[in-house]
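Lettering follows sequence order; numbering is per chain, from 1.
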Amino acid sequence: MKIFNTLTGTKEEFVPITPGKASIYACGPTVYDYFHIGNARPFIIFDTLRRYLEYQGYQVTFVQNFTDIDDKMIQRANREGITVAELGERFIAEYKKDAEGLGIRPASVHPRATEHIPQIIQMIQTLVEKGYAYEIDGDVYFRTKQFQEYGKLSHQPLEELEAGARIGVDERKEDAMDFAVWKKQKEGEPAWESPWGMGRPGWHIECSVMANQYLGHTIDIHCGGRDLIFPHHENEIAQSECCNGVPFAHYWMHNGYINIDHKKMSKSAGNFFTVRDIAKEFDYPVMRMFMLSAHYRSPINFSKELMSQAKASLERIETCIDTLTFLRRGQDAPLTQEEQALMEKDYTARFEQAMDDDLNTADALSVVFDMVRDINTLINDGQPHSHQLTEHFLKEFEVFSGVLGLFGQKKEQGLDGEIDALIQQRQEARKAKNYQEADRIRDLLKEQGILLEDTPQGVKWRRE
RNA sequence: GGCGCCAUAGCCAAGUGGUAAGGCAGAGGCCUGCAAAGCCUUUAUCCCCCGGUUCAAAUCCGGGUGGCGCCUCCA
């Protein structure tokens with residue numbers, strides 16, 4: 001597949017370091033609160049990347065960290081009167097609930113910063129020894145001037161970065177662009193012992209260390225949100241490459257933002273919706289549908305209206321799957337020419353072509369919709385259809401579903417005695433042309449969230 | 001100030017040199033006891049504007065206009 005590589009600014013064919021294997025590092029959440037839908041975008045997108053690479057036969061090692069020590073963690077923990085560790089535990093658990101709902105599979109490893117303090121200290125020590133980092137009164141900074149390639153990911157000339165640097169920088173630093181890799185303990189902060197005294201790691205160093213530990217010196221793909229390009233990812237590159245002397249990651253992938261009223265959603269701006277809150281109004285898969293309906297690098301505007309659109313779209317696919325499932329339970333029929341012809345159409349090839357093109361999920365979904373319409377057109381006649389046909393397309397949906405992490409997850413509805421009895425009763429009433437009674441039963445079921453559809457093949461029902 | 005992105009129908013969104021995919025919403029029709037679901041038809045002579053290159057441009061180049069982002073914690 002082709003990947004747009006932020007490092008080179010071009011689309012490139014993905015060639016892994018080790019044939020048949022792919023190593024991916026994705027920056028995970030800081031677990032100080034529920035995550036918002038802007039945070040959810042990279043989780044969903046890169047989970048889809050992982051699924052697609054696995055579908056293509058790669059053995060994928062996917063690492064996503066939990067940042068469980070930083071300023072925000074400390075603030076929040078203090079505010080709630082609990083320890084940073086307790087806060088972390090709590091929101092890691094909450095992350096997992098939302099992630100599961102969104103169809104985000106657990107990573108191969110979910111390392112936590114606080115569980116890698118010795119390794120972090122060791123990497124900092126190496127950097128200090130090599131002259132890439134220096135200590136000032138318990139703080140340790142990275143010497144950006146020492147790394148010639150600093151700025152290669154964000155494509156910013158170092159001088160210009162300096163020109164834009166803010167006032168209020170720590171005057172003790174050798175250079176305004178230098179960043180902290182180790183922070184001296186302040187009053188009331190959790191801290192660990194180190195060669196530079198009590199302190200805690202800077203933000204950027206944890207990713208360098210954990211990527212290194214679980215994936216090696218050089219990894220295939222590193223991904224995250226666009227806002228991490230500078231300085232976070234730039235700093236990761238500096239630390240890792242100066243420490244190990246080899247390229248850190250071959251491919252860098254960055255997703256676009258989620259906007260609200262065309263402005264970037266962010267915690268600090270306050271214009272955000274948590275995934276947990278949206279889930280009260282829309283099912284989790286609707287959020288995933290929303291995310292996948294546009295290309296991952298484009299910014300997308302979030303609104304309830306767009307969620308409703310995503311919901312209706314998703315239902316269109318689910319309904320088609322439901323109908324196929326329903327037909328498969330019903331009467332079989334010999335395979336017709338039309339059915340044969342439809343089964344020979346190669347939706348999979350088009351789907352793969354779209355996904356191969358830098359994960360074009362919007363285009364891939366359009367293939368699914370084409371298939372849905374073609375199936376519906378064929379089975380619209382109310383006749384029984386070959387089980388061979390229904391099997392074929394249910395399998396096709398399963399493939400697409402496995403890659404996108406969407407639709408078709410619902411378990412086949414078991415036979416429910418009570419519902420069946422009522423449906424039976426209603427059928428009797430209909431036969432006797434007692435439509436008042438028939439409608440009464442239909443309304444009764446509707447109140448319980450059971451929707452009925454009368455089809456020539458029998459009565460089909462679905463929940464919600 | 002530096003660097004960069006985006007502009008396609010009422011809404012969303014693919015397409016990036018060969019004559020506008022797909023979804024949502026709307027309208028009309030078919031089907032239905034009525035519904036629901038679905039199907040069919042319909043909705044951009046045209047892709048922000050102005051120039052240019054080309055046999056050919058929404059797609060490339062130049063210039064505008066509008067919107068957004070990074071340079072600071074941020075997915």
Study note, to complete from the structure: Given protein heavy atoms under 4.0 Å, the one-letter contact record of nucleotides 27-35 of chain B, with B base, S sugar-phosphate only and - none, is simply ------BBB
Point to revise | Residue that, paired with Asp358(A), satisfies side chain to side chain donor-acceptor pair (under 3.5 Å) out of Arg297(A), Lys2(A), Lys11(A) | key: Arg297(A)
Check your understanding: Between Asp443(A) and Lys446(A), is the closest basic N to carboxylate O distance under 4.0 Å?
Key -> no
Please tabulate, for side-chain N and O atoms in residues 257-265 of chain A, each donor-acceptor pair with protein atoms closer than 3.5 Å (sequence neighbours left out).
{"from": "Tyr257(A)", "atom 1": "OH", "to": "Asp227(A)", "atom 2": "N", "distance (Å)": "3.4"}
{"from": "Lys264(A)", "atom 1": "NZ", "to": "Asp227(A)", "atom 2": "OD2", "distance (Å)": "3.2"}

Review point. Can you name the residues that form a side chain to side chain donor-acceptor pair (under 3.5 Å) with Tyr284(A), not counting sequence neighbours?
Key: Asp98(A)
Study note, to complete from the structure: With sugar-phosphate taken as primed atoms, P, OP1 and OP2 and all else as base, the protein-contact string of nucleotides 7-12 of chain B at under 4.0 Å (heavy atoms; B, S, -) is ----BS
Exercise for review: Go through the structure and list residues passing side chain to side chain contact (heavy atoms under 4.5 Å, CB included) with Asp346(A), not counting sequence neighbours.
Suggested key: Thr348(A), Ala349(A)
**Study point:** Thr61(A): side chain to side chain donor-acceptor pair (under 3.5 Å) partners, not counting sequence neighbours
**Key:** none
Exercise for review: Please assess Leu359(A) against Met1(A) for the test side-chain contact (heavy atoms from CB on, under 4.5 Å), listing each intermediate value before the final yes or no.
Suggested key: CA-CA 8 Å; Leu359(A) 218 64; Met1(A) 74 175 294; 3.9 Å; yes
Point to revise | Residue-level proximity of residues 33-47 of chain A to RNA chain B when a heavy atom falls under 4.0 Å | key: His36(A), Gly38(A), Asn39(A), Pro42(A)
Review point. Can you tell which of rU72(B), rG15(B), rA14(B) lies closest to the side chain of Asp357(A)?
Key: rG15(B)
Point to revise | side chain to side chain contact (heavy atoms under 4.5 Å, CB included) partners for Gln425(A), two or more places apart | key: Leu422(A), Glu437(A), Ile441(A)
Point to revise | Under the 3.5 Å Watson-Crick or G-U criterion, the dot-bracket string of RNA chain B, with | for inter-strand pairs | key: (((((((..(((.....[...))).(((((.......))))).....(((((..]....))))))))))))....
Check your understanding: With Ser268(A), which residues qualify under side chain to side chain contact (heavy atoms under 4.5 Å, CB included), at least two apart?
Key -> Ser266(A)
Exercise for review: Tell me, please, which residues at least two apart from Ala438(A) pass side chain to side chain contact (heavy atoms under 4.5 Å, CB included).
Suggested key: Arg426(A), Ala429(A), Arg430(A)
Report each atom pair, protein N/O against N/O of nucleotides 17-19 of chain B, whose distance is under 3.5 angstrom.
none

